[in-house]
Amino acid sequence: MGLNLKPLVTSNPIKISDLNRKVVSIDAFNVIYQFLATIRGPTGELLTNNQGDPTSHLSGLFYRNINLMCDGIQLIYIFDGRPHKLKTGEIERRRKAKQDATEKYNLALQEGRIDDAKKFSQGTSMLTSNIVEESKNILSLMGIPHITAPSEGESTAAYLSKQEVAYSCVSQDYDSILFGAKRLIRNLTVSGKRKIPNRNVYIDIEPELIEYDQVLKSNNLTHEQLIDLGILIGTDFNPDGFSGIGPKNALKLIQKHKKLEDIDKIRDELSNTPYQEIREIFLNPEVIDIGDLNLQFKDLDKEKTIKFLCDEKNFSYERVNNYIEKLDKHILKKSQSLDKWF
DNA sequence: CACGAGGA
DNA sequence: TCCTCGTGG
């Protein structure tokens with residue numbers, strides 16, 4: 001899994017309304033995976049159109065984006081580009097986990113264990129190129145800008161936040177903090193509903209803000225030390241981390257020894273870890289050139305959105321139309337309240 | 001995950 | 001108006 005910084009960060013609860021008129025850069029693969037994992041039918045099957053093509057990602061993106069836009073939040077989606085070569089181990093690990101989940105899912109389905117089927121289905125999602133292209137398409141139709149990063153999406157998202165093109169990153173993972181993002185928002189949903197992994201139970205979770213400065217200050221670390229700490233716990237580029245070292249332990253070690261090279265008890269493991277290269281990935285990642293950026297927040301194209309979702313993907317016309325009209329009303333209200341100032 | 005109908 | 005629950009595609 002991703003880097004587990006949770007025990008070391010202070011999370012500040014925020015309200016959706018705090019983000020009014022702010023730009024946030026969303027880790028596209030992260031949210032699309034969530035939608036594919038959770039937006040499923042009774043036996044764990046993906047929602048599809050009548051051709052059998054998956055539509056769960058489109059449902060999630062359409063409804064959530066409109067909700068967030070109604071709250072005045074400006075969205076930019078960041079897609080992953082080519083993964084770094086050190087990520088191949090992690091990619092292989094995920095592929096195996098997916099295969100394993102798929103086998104368990106099929107078996108549960110075969111044996112009629114519906115709850116198990118639904119549970120295992122969550123881990124089977126494949127982000128196909130079709131799903132990626134369709135996701136980019138619905139974003140364009142909704143007037144939401146998207147960027148395909150040269151490498152990791154998280155690093156480009158972090159860069160936008162560092163350069164204050166965006167107020168904050170949005171992701172469930174903590175990697176963007178290691179990439180130097182000024183802020184990270186987790187649990188950015190409107191309904192506040194989130195599934196507990198492995199259980200068919202939902203609890204209320206509110207959005208939370210994590211601040212880079214606060215993470216460094218509260219743990220008394222520099223950026224370089226935070227990266228070393230991440231490497232100890234395990235990043236996408238060394239997913240296993242170091243044996244017997246979790247977040248708390250890693251923090252103690254870094255606070256005491258300041259850097260990886262000075263921790264005696266990991267010397268052997270360290271010699272088998274490309275830690276200098278991993279440091280470089282986080283400190284000097286390959287990112288987009290801000291000058292090349294063309295971020296235009298446009299109006300939703302009502303006709304084309306309905307054509308795509310309803311005609312091509314068999315969404316309910318009534319629901320889609322209602323939602324677009326809801327967005328129209330919010331935009332109208334906003335421009336009226338703005339008029340009062342002038 | 002999120003909608004929306006229906007009951008409290 | 002809030003919450004639960006079945007359904008969406």
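In what follows, every chain begins at residue 1, and chains take the letters A, B, ... in the order their sequences are listed. No hydrogens, no waters, no symmetry mates; every other heavy atom, side chains included, goes into these values.
- By the salt bridge (charged side-chain N to carboxylate O under 4.0 Å, His left out) test, A/Glu286 is found to be paired with no residue, residues two or more places apart in sequence or in another chain being considered.
- Distance, A/Asp115 CG to C/dG6 P: 13 Å, rounded to whole Å.
- Across all non-hydrogen atoms, the minimal contact from A/Ser171 to A/Glu154 is OG-OE2, 3.3 Å.
- Listed by chain and residue number, A/Pro83, A/Lys87 satisfy the side-chain contact (heavy atoms from CB on, under 4.5 Å) test with A/Ile91 (two or more places apart in sequence, or in another chain).
- Rounded to whole angstrom, the span from the CD1 atom of A/Ile66 across to the P atom of B/dG4 amounts to 11 Å.
- Residues satisfying the side-chain hydrogen bond (donor to acceptor under 3.5 Å, both in side chains) test with A/Lys304, not counting sequence neighbours, are none.
- Annotation: ring-ring contact (aromatic ring centres under 6.0 Å, His included) contacts involving residues 135-189 of chain A, sequence neighbours excluded, comprise A/Phe79-A/His146, A/Phe179-A/Phe282.
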Each nucleotide N or O in nucleotides 7-9 of chain C that has a protein N or O under 3.5 Å away: list the pair and distance.
| residue | atom | partner | partner atom | Å |
| --- | --- | --- | --- | --- |
| C/dG8 | O6 | A/Arg40 | O | 3.1 |
| C/dG9 | OP1 | A/Ser316 | N | 2.8 |
| C/dG9 | O3' | A/Thr48 | O | 3.4 |
| C/dG9 | O3' | A/Thr55 | OG1 | 2.9 |
| C/dG9 | O3' | A/Lys313 | O | 2.7 |
| C/dG9 | N2 | A/Leu46 | O | 2.6 |
| C/dG9 | N2 | A/Leu47 | N | 3.4 |
| C/dG9 | N3 | A/Thr48 | N | 3.2 |

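- The CG atom of A/Asp71 sits 12 Å away from the P atom of B/dA2 (whole-angstrom rounding).
- Residues passing the side-chain contact (heavy atoms from CB on, under 4.5 Å) test with A/Asp262 are A/His257, A/Lys259, sequence neighbours excluded.
- Nucleic acid contact class of A/Asn67 (heavy atoms, under 4.0 Å, all strands): sugar-phosphate only.
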